[in-house]
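All remarks here apply to the structure that follows.
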There are 2 protein chains.
Amino acid sequence: MRSRQTRQLEAIEHALRSAGRPLAIAEVHAAAAAEFPGLGIATVYRAVKTLSDDGKIVSVAYAGQPPRYEWAVAQHHSHFICHTCKRVFDIEAPESVPLPKRKPRGFVFSGDEVIYYGTCAECRAAQK
Amino acid sequence: MRSRQTRQLEAIEHALRSAGRPLAIAEVHAAAAAEFPGLGIATVYRAVKTLSDDGKIVSVAYAGQPPRYEWAVAQHHSHFICHTCKRVFDIEAPESVPLPKRKPRGFVFSGDEVIYYGTCAECRAAQK
DNA sequence: TTGGTATTGAAATGCCATTATCAATAGAAA
DNA sequence: TTTCTATTGATAATGGCATTTCAATACCAA
């Protein structure tokens, strides 16, 4: 039961809230440590766990990458993954995704998700 | 450089080829061991690595789950993930996925992927 | 068949993200 | 302030896969 407001907590929350995209633990640590030097990695893990339990952030994980966390927003959105740097960006979700024409007998669908792949602006600039 | 054809290799290849869906290492081991009792897990890792290097199988990985491997097929397809057992099934890919209306400046898209979620027939039957 | 050696199984080892430990620190109530 | 104790940071411990090691085994060319 968290009962005290600390500077490190504020830095971590701020990092996640202002990122606008899902951050891996290492990314959260880097961003928050810029605001609060000396921040320990264990504190990041603890804070992320608390924020996750409280529903303030949600986790996202893709293909062989460590889980990432992003500030929970009501609005539905999709993700864009850069093949080069592996970072995940938020993009506007498509209006609708077609249901598969055939589904295996007995399967019940509950949702879907679209992932777009490509190269982000930074990586594209870097490889020129 | 693999230069001998062994029974364990055959069992592993057969398991992957006949599965029709991506298998985790543990699943490959279970299926192949049914055909070749005593099969070691290290052999599965070695075989999967070789098959992967040869391009005979491709790997897929989702959210917190270990990577899975499926026999490489030319045909494009999507995956269905069962929320309950976490297994991944192949399903026919949708004809087309809408491109996002707005893309961040400088991003270049190279492809997309749709993941469907739900409950598989087995798990649905089990929870009744 | 036989012999040389690639391959195997079991166990040890490596790797690394996450968690637990614990003394020191710093919120915040009084 | 002072005091109590939640929280922190450093680091050790853990847990999970994955890889390496090595003596025993079994392909397969001759």
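Here is how names work: the chains are called A, B, and so on, in the same order as the sequence lines, proteins then strands, and each is numbered from 1.
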May I have the distance from A/Y69 (atom OH) to C/dT18 (atom C1'), rounded to whole angstrom?
-> 9 Å
Note: for B/P67 and A/G40 on DNA chain D, the residue whose nearest nucleotide lies more 5' is A/G40
Contact class for A/L9 vs. all strands (heavy atom < 4.0 Å): base, sugar-phosphate, or nothing?
-> sugar-phosphate
In a check of side chain to side chain contact (heavy atoms under 4.5 Å, CB included) between A/E70 and each of A/L16, A/I57, A/V58, which one passes?
-> A/V58
Which part of the nucleic acid, if any, lies within reach of A/I41 when heavy atoms closer than 4.0 Å are counted: base, sugar-phosphate only, or nothing?
-> nothing
Between CD1 of B/I12 and C1' of C/dT8 the distance, given in whole Å, is 10 Å
Measure from the side-chain heavy atoms of A/R4 and tell me the nearest of C/dA20, D/dT7, D/dT8.
-> D/dT7
Winner on side-chain proximity to A/S3, out of D/dA6, D/dG9, C/dG9, is D/dA6
A/Q8 atom CD is separated from D/dT7 atom P, nearest whole Å, by 11 Å
Side chain of A/T6 - closest among D/dT7, D/dT19, C/dA6 = D/dT7
Whole Å only: how far is the CD atom of A/E10 from the P atom of C/dA26?
-> 15 Å
Roughly, in whole Å, what's the span from CD in A/Q65 to P in C/dT18?
-> 12 Å
Stepwise salt bridge (charged side-chain N to carboxylate O under 4.0 Å, His left out) check, A/E27 with A/R87 = CA-CA 10 Å; A/E27 292 175 313; A/R87 286 187 299 178; 5.3 Å; no
Just how far, in rounded Å, is P of D/dA18 from NE2 of B/H29?
-> 13 Å
Between B/A42 and B/Q5, who's closer to the 5' end of DNA chain C by nearest nucleotide?
-> B/Q5
Phosphate OP1/OP2 of C/dT18: any A/Y45 side-chain N/O under 4.0 Å | yes
Okay, side chain of B/R124, backbone of A/F107: is any donor-acceptor separation there less than 3.5 Å?
-> no
B/R7 side chain N/O closer than 4.0 Å to the phosphate oxygens (OP1, OP2) of D/dT25?
-> no
Side chain to side chain contact (heavy atoms under 4.5 Å, CB included) test vs A/F89 passes for just one of A/S78, A/C120, A/P22, namely A/C120
Separation of A/L39 atom CG from D/dT7 atom C1', in whole Å?
-> 12 Å
Rounded off to whole Å, could you give me the CZ-to-P distance for the A/F36 and D/dT7 pair?
-> 15 Å
Nearest-nucleotide wise, let me know which of A/I25 and A/R46 is further upstream toward the 5' end of DNA chain C.
-> A/I25
The residue among A/T43, A/I25, A/D53 that forms side chain to side chain contact (heavy atoms under 4.5 Å, CB included) with A/V48 is A/I25
